[in-house]
Amino acid sequence: MVNRRTTKQLACFPPVIDAGVEILMLGSFPGEASLAKAQYYGHPRNQFWKLMGTVLKLPLQDMEYDERLRALLSRKIGLWDVVAGCEREGSLDTAIRNARHNDFAATLRIARHLRRVCFNGKFSGRLEPWFVVRGYETVVLPSSSPAHAISFDIKLKAWRAILKTKPGVVPAGV
């Protein structure tokens, strides 16, 4: 008898975005803990909210989830993932199979003031060229995942680049 594992098709969350967004944070795909909580970066050891809170000087990790999302939008920061749907066992990006990407062209029509796209880790950073050719500033950050075992201070140093902009950069779509 052959033991075949069945994996179901998983779907990401809708984007946290509005017309005022200037910076878009892109992750890869929600992990199991995030999917179970129906929250971006829901794993208690994921450092996303602590990193963003430190960069923005806000106590994001102490806020309720909906308040966190409102705080990001009030700072003109949107949030989404590069993968719309996939098959995956566990939470590691390396386990993602049959991935479908999100429709960024439609999202960019909403976020008319978007100028910078930040990728949370190398997996999501694979889409960096798509944004670069359209004239957006980009930065690939070290992953906030607990699986990416570098110190918080090293991650934070890189994540401070989220708010640093290059003068004179205007995306082609604006």
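Quick caveat: nothing in here was measured; it's all calculated off a predicted structure. This chain uses plain numbering: 1 for the first residue, then up along the sequence.
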Could you go through the side chain to side chain contact (heavy atoms under 4.5 Å, CB included) check for Leu114 and Leu108 one step at a time? CA-CA 7 Å; Leu114 184 67; Leu108 298 178; 3.2 Å; yes

Between Phe48 and Trp159, is the ring centroid distance below 6.0 Å?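 Yes, they do, as the ring centres are separated by less than 6.0 Å.
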
Ring center gap for Trp80 and Phe13 short of 6.0 angstrom: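 No; Phe13 has its ring centre 6.0 Å or more from that of Trp80.
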
Do Ser145 and Asn46 meet the criterion of a side-chain donor-acceptor pair at a distance under 3.5 Å?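 Note: Ser145 and Asn46 side chains miss the donor-acceptor criterion.
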
Nearest heavy-atom neighbours spanning [X] and [Y]:
X	Y	answer
Gly125	Val140	CA-CG2, 4.0 Å
Gly42	Ser34	N-OG, 2.7 Å
Ala19	His113	O-CD2, 3.3 Å

To the nearest 0.5 angstrom, please state how far the [atom1] atom of [X] sits from the [atom2] atom of [Y].
X	Y	atom1	atom2	value
Leu127	Ser28	CG	OG	11.5 Å
Cys118	Tyr136	SG	OH	13.5 Å
His101	Asp81	NE2	CG	11.0 Å
Lys155	Arg160	NZ	CZ	15.0 Å
Asn120	Ser144	CG	OG	3.5 Å
Leu56	Ile77	CG	CD1	4.5 Å

Any salt bridge (Lys or Arg N to Asp or Glu O under 4.0 Å) involving residues 11-20? Give me the pairs, sequence neighbours left out, ordered by first then second residue.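 Counting only pairs at least two positions apart or across chains, no salt bridge (Lys or Arg N to Asp or Glu O under 4.0 Å) contact touches residues 11-20.
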
With sequence neighbours excluded, give me every salt bridge (Lys or Arg N to Asp or Glu O under 4.0 Å) pair touching residues 36-54.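 Output for this query is empty, none listed.
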
For the pair Val117 and Phe104, evaluate side chain to side chain contact (heavy atoms under 4.5 Å, CB included) and give the outcome as yes or no after the intermediate values. CA-CA 11 Å; Val117 180; Phe104 294 108; over 6 Å; no

Answer whether the closest heavy-atom distance between the side chains of Met25 and Met52 falls below 4.5 Å.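 Met25 reaches Met52 side chain to side chain.
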
With a 4.5 Å cut-off on side-chain heavy atoms, are Ile17 and Thr107 touching?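 Yes - at least one pair of side-chain heavy atoms lies under 4.5 Å apart.
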
Below 3.5 Å, can you tabulate the donor-acceptor pairs from side chains in residues 60-69 to any protein atom, sequence neighbours excluded?
residue : atom : partner : partner atom : Å
Tyr65   : OH   : Tyr40   : N            : 2.9
Arg68   : NE   : Leu60   : O            : 2.8
Arg68   : NE   : Met63   : O            : 3.2
Arg68   : NH2  : Gln61   : O            : 3.0

In the single-linkage hydrophobic clustering (I, L, V, M, F, W, Y; side-chain heavy atoms under 4.5 Å), do Val132 and Val82 co-cluster?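 No: no chain of side-chain contacts under 4.5 Å links Val132 to Val82.
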
Sole candidate of Val21, Ile23, Leu24 that passes side chain to side chain contact (heavy atoms under 4.5 Å, CB included) when paired with Arg116: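 It is Ile23, the one option of Val21, Ile23, Leu24 that forms the side chain to side chain contact (heavy atoms under 4.5 Å, CB included) with Arg116.
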
Listed partners of [X] passing side chain to side chain contact (heavy atoms under 4.5 Å, CB included), at least two apart:
X	value
Ala106	Asp103, Arg109
Ser74	none
Ile110	none

For Phe119, check ring pair (Phe, Tyr, Trp, His ring centres under 6.0 Å) against everything at least two apart and list the hits.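 Testing Phe119 for ring pair (Phe, Tyr, Trp, His ring centres under 6.0 Å), a comparison that skips the adjacent residues, returns Phe131.
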
Sequence-distant partners of Trp49, ring pair (Phe, Tyr, Trp, His ring centres under 6.0 Å), two or more places apart: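 Trp49: no ring pair (Phe, Tyr, Trp, His ring centres under 6.0 Å) contacts found.
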
Donor-acceptor contact below 3.5 Å, side chain Arg134 vs main chain Trp130: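 Flag set: sc Arg134 to bb Trp130 pair under 3.5 Å.
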
Quick one: list whatever passes side-chain hydrogen bond (donor to acceptor under 3.5 Å, both in side chains) with Glu128, sequence neighbours left out.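 Counting only residues at least two positions away or on another chain, Glu128 forms a side-chain hydrogen bond (donor to acceptor under 3.5 Å, both in side chains) with Thr138.
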
Which residues pass the salt bridge (charged side-chain N to carboxylate O under 4.0 Å, His left out) test with Lys76, sequence neighbours left out?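 Per chain and number, Lys76 pairs via salt bridge (charged side-chain N to carboxylate O under 4.0 Å, His left out) with Glu22.
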
